[in-house]
Amino acid sequence: MNSLNKFVIAIHRILGALLSAMFLMWFLTGIVMLYHGHFPRADKSTRMEPLSKTAEPLPPIDSLTHGFAFTDISIDRYLGNTVFHMSSKDSTADVSPLGEPCKAVVDEARLEKVRKAWCKADVASVDTLDALDQWVPFGRHEKELPIIKYTFADEDAHELYVGSKSGDALQFTSHEQRVWAWLGPIPHWVYFAWLRSDQELWCTTIIWISGIGCIMVISGIWTGLVVWNRTRKKKGSRFSPYKKKWYHWHYVTGFVFGLFCLTYVFSGMMSLADVPTFISEPQLSFKPQRELESAPADSFLLDYRKALAASPEAVSIEWKHIGNIPYYVVKDKKGNMVSYDARDTTVAVLNLSENDILTAVKDVYKKNGVEASAATAELQDYQELYYRVHSKGTSILPVVKVTMNDADEGVFYINPSNGVVRYVDSTSRWGYWMYPALHKLRLPGIVDVEWLRLLLSWIVLLGGAAVSLSGVILGCRYIKRLF
């Protein structure tokens, strides 16, 4: 047993010397992430224009689809152009109201439109990038190279990145956003262009570092218990046997916060890793939510133009469906959303009954050969834990909860007034407990009490930082002794 203890202590000392600085960075940037947890992005929806400004009359949708069953259709207006986006399982098409293919011509006129749409200030400088940089680090942007970067001469020092192939904004940042990104998301998520440009390599790297970090913490907890067990057997001994300051504080803080360090790093790893199949694996051969939201667009009886007439400030409209129930989702520039029932030719706000929803869900299961007679539906005026987390601020109460009683213990949360669908099963529940519950403290009892969740997050993150800081100092001294 002594040999095993020595081995574990050696592992902790070596891994601590290598990874403590990484852990310290994760905990400190985690505090920033509580308030600035997003990497900047160019949100095109904020630059959309009202569809009512379309010069030419909007055509019947059948004149554009030509009888083809597109599963997804949406319309928006951007840079003075109204575009119908249509897609199916095998093809996609962007067409104008005249039915002509839409393909952006990237010329000076187009670039000027994009610049003015995103920032009306004067341009201070223009650069042409032949490689991805820190603010466009994703591999999907490589097809847009060379990328044009505009730096504006305004107080916020805005920067705009435009792809040379699509002629569209890829990134738009202010000085303040860039500062907070460097203090939070970039180091916390290891969002460095040289690594983040390769999605698979980035995921693998973070998972391996986090996994090895878990071994480091577990060996530290083991070491702490071994030291505590030896210490308690000595008469008159203190809780901490260490007289050297940094050893003492590493032992004390590790004893108090070691388990939290483990759950934080493990849950961070699980934000990218799949739930192991030996823990939980979906038994159904189909994706219930995907199937529920898949239907041909020709089932819409309400003319989309009537829905737009009822919402004159609309900047986009989408064809949606819950099983065989069609509806439109209309959004304005502020992100407000209205859903219109498309089962009739008369304009009416969506208001699904429990029976409507239960029947739609059952039909999907029956179509895929799964017995669904035991499914139940109930209207709830409160948010359950999983619905609360998955709603992402887009859903309102009441909500219809459909319990399937199937092999995956699937549950649907469907909002009857806007059609938003949330689905959870056994695997996604495991994923929830392994990532947001542990990492963001989205736990029962505190998930809805934001001030308490933030307070506990501060305590855990500062405690983890204290353990890591003492680990960094001890690790540096250990490396110094080696050399």
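Just so you know, these numbers come straight off a predicted model, no measurement behind them.
How far CH2 of W222 is from CD1 of I11: 12.5 Å, rounded to the nearest 0.5 Å. The CD1 atom of I218 sits 12.5 Å away from atom SG of C261, with the distance rounded to the nearest 0.5 Å. The CZ atom of F23 sits 3.5 Å away from the CE atom of M216 when rounded to the nearest 0.5 Å. To the nearest 0.5 Å, atom CZ of residue R140 and atom CG of residue L132 are 10.5 Å apart. With rounding to the nearest 0.5 Å, the separation of CD in Q380 from NZ in K401 is 5.5 Å. For the atom pair R442 CZ and Y432 OH, the distance stands at 8.0 Å (nearest 0.5 Å).
For the pair R13 (side chain) and L474 (backbone), a donor-acceptor distance under 3.5 Å is absent. Under a 3.5 Å cut-off, the side chain of S426 and the backbone N or O of D408 do form a donor-acceptor pair. Looking at H188, its side chain does come within 3.5 Å of a backbone N or O of W26 through a donor-acceptor pair. The main-chain N or O of A17 is never found under 3.5 Å from a side-chain atom of S20 such that the two would form a donor-acceptor pair. Between the D154 side chain and the A121 main chain, no donor and acceptor come within less than 3.5 Å of each other. With R47 contributing its side chain and A117 its backbone, the two residues share a donor-acceptor pair below 3.5 Å. A donor-acceptor pair under 3.5 Å is formed between the side chain of S428 and the backbone N or O of D425. Between the side chain of R230 and the backbone N or O of P241, no donor-acceptor pair lies under 3.5 Å. Checking side-chain atoms of S339 against main-chain N and O of N418 turns up a donor-acceptor pair under 3.5 Å. E144 places no side-chain N or O within 3.5 Å of a backbone atom of H141 that could act as its donor or acceptor partner.
For the pair R41 and F138, the cation does not sit on the ring face, since its NZ or CZ is not both under 6.0 Å from the ring centre and inside 45° of the axis.
Between Q134 and W182, some side-chain heavy-atom pair lies under the 4.5 Å cut-off. Using a 4.5 Å heavy-atom cutoff, the side chains of I215 and L15 are in contact. Between I357 and F412 there is no side-chain heavy-atom pair separated by less than 4.5 Å. Two residues are said to be in side-chain contact when any heavy atoms from C-beta on lie closer than 4.5 Å; C203 and Q199 meet this criterion. When side chains are defined from C-beta on, F257 does not count as touching V460, because their heavy atoms never get closer than 4.5 Å. Two residues are said to be in side-chain contact when any heavy atoms from C-beta on lie closer than 4.5 Å; E293 and V421 meet this criterion. Contact annotation: the side chain of L111 approaches that of Y150 to within less than 4.5 Å [non-hydrogen atoms, C-beta and beyond]. Residues V217 and F266 have side chains not in contact (no heavy-atom distance under 4.5 Å, counting atoms from C-beta outward).
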For this session: Please report the C-alpha distance between D381 and L379 in whole Å, then the side-chain angles of each, then the deciding distance to 0.1 Å, and finally whether the side-chain contact (heavy atoms from CB on, under 4.5 Å) criterion is met.
Result: CA-CA 7 Å; D381 58 0; L379 190 68; over 6 Å; no
For this session: Report the C-alpha distance between L292 and I414 in whole Å, list the side-chain angles of each, state the deciding distance to 0.1 Å, and finish with yes or no for side-chain contact (heavy atoms from CB on, under 4.5 Å).
Result: CA-CA 11 Å; L292 185 64; I414 302 176; 3.9 Å; yes
For this session: With side-chain contact (heavy atoms from CB on, under 4.5 Å) as the test, would you mind laying out the steps for F286 and V364 before giving the verdict?
Result: CA-CA 10 Å; F286 64 98; V364 167; 4.2 Å; yes
For this session: Evaluate side-chain contact (heavy atoms from CB on, under 4.5 Å) for L79 paired with R110, printing each intermediate quantity in order.
Result: CA-CA 9 Å; L79 300 180; R110 165 81 181 192; 3.6 Å; yes
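Side-chain rings of Y242 and W249 stay apart, their centers remaining 6.0 Å or farther from each other. Here the two rings, on F27 and Y264, have centers that are under 6.0 Å apart. For Y247 and Y251, the distance between ring centers is not under 6.0 angstrom.
The neighbour count for W180 CH2, taken as heavy atoms of other residues, nucleotides or ligands under 6.0 Å away, does not exceed 12. Atom NZ of K165 has more than 12 heavy atoms from other residues, nucleotides or ligands within 6.0 Å. The environment of K331 atom NZ is sparse: at most 12 non-hydrogen atoms of other residues, nucleotides or ligands sit within 6.0 angstrom. More than 12 heavy atoms of other residues, nucleotides or ligands lie within 6.0 Å of CZ in F152, so this atom counts as buried by the packing criterion. Residue-environment remark: CG (D274) stays at or below the threshold of 12 foreign heavy atoms within 6.0 Å. Within 6.0 Å of the CD atom in E176, the count of heavy atoms belonging to other residues, nucleotides or ligands does not exceed 12. Other residues, nucleotides and ligands contribute over 12 non-hydrogen atoms within 6.0 Å of the CH2 atom of W433. The neighbour count for R481 CZ, taken as heavy atoms of other residues, nucleotides or ligands under 6.0 Å away, is above 12.
The aromatic rings of W118 and F172 lie tilted to each other, with the angle between the two planes from 30° to 60°. Under the 30°/60° scheme for interplanar angles, the aromatic rings of W135 and F39 are found to lie parallel.
S197 and E142 are not linked by any side-chain donor-acceptor pair at a separation below 3.5 angstrom, with hydrogens and angles left out of the test. Using modelled atom types and a 3.5 Å distance limit, the side chains of D156 and H175 yield no donor-acceptor pair. A donor-acceptor pair shorter than 3.5 Å cannot be found between the side chains of T92 and S87.
Across all non-hydrogen atoms, the minimal contact from L170 to I147 is CD1-CD1, 3.8 Å. The minimum heavy-atom distance linking V162 with G167 is given by the pair CG1-C, 3.8 Å. The two residues G37 and P185 make their nearest non-hydrogen contact at C-CG, 4.3 Å. Summarising the geometry of A169 relative to L160, their closest heavy-atom pair is CB-CD1, 3.8 Å, with the distance given to 0.1 Å. Shortest non-hydrogen contact noted between L438 and S267 is CB-CB, 3.7 Å. Between M434 and I279, the closest heavy-atom pair is CE-CD1, 3.4 Å.
Every side chain to side chain contact (heavy atoms under 4.5 Å, CB included) that K44 has, sequence neighbours left out, goes to M48, Y78, D168.
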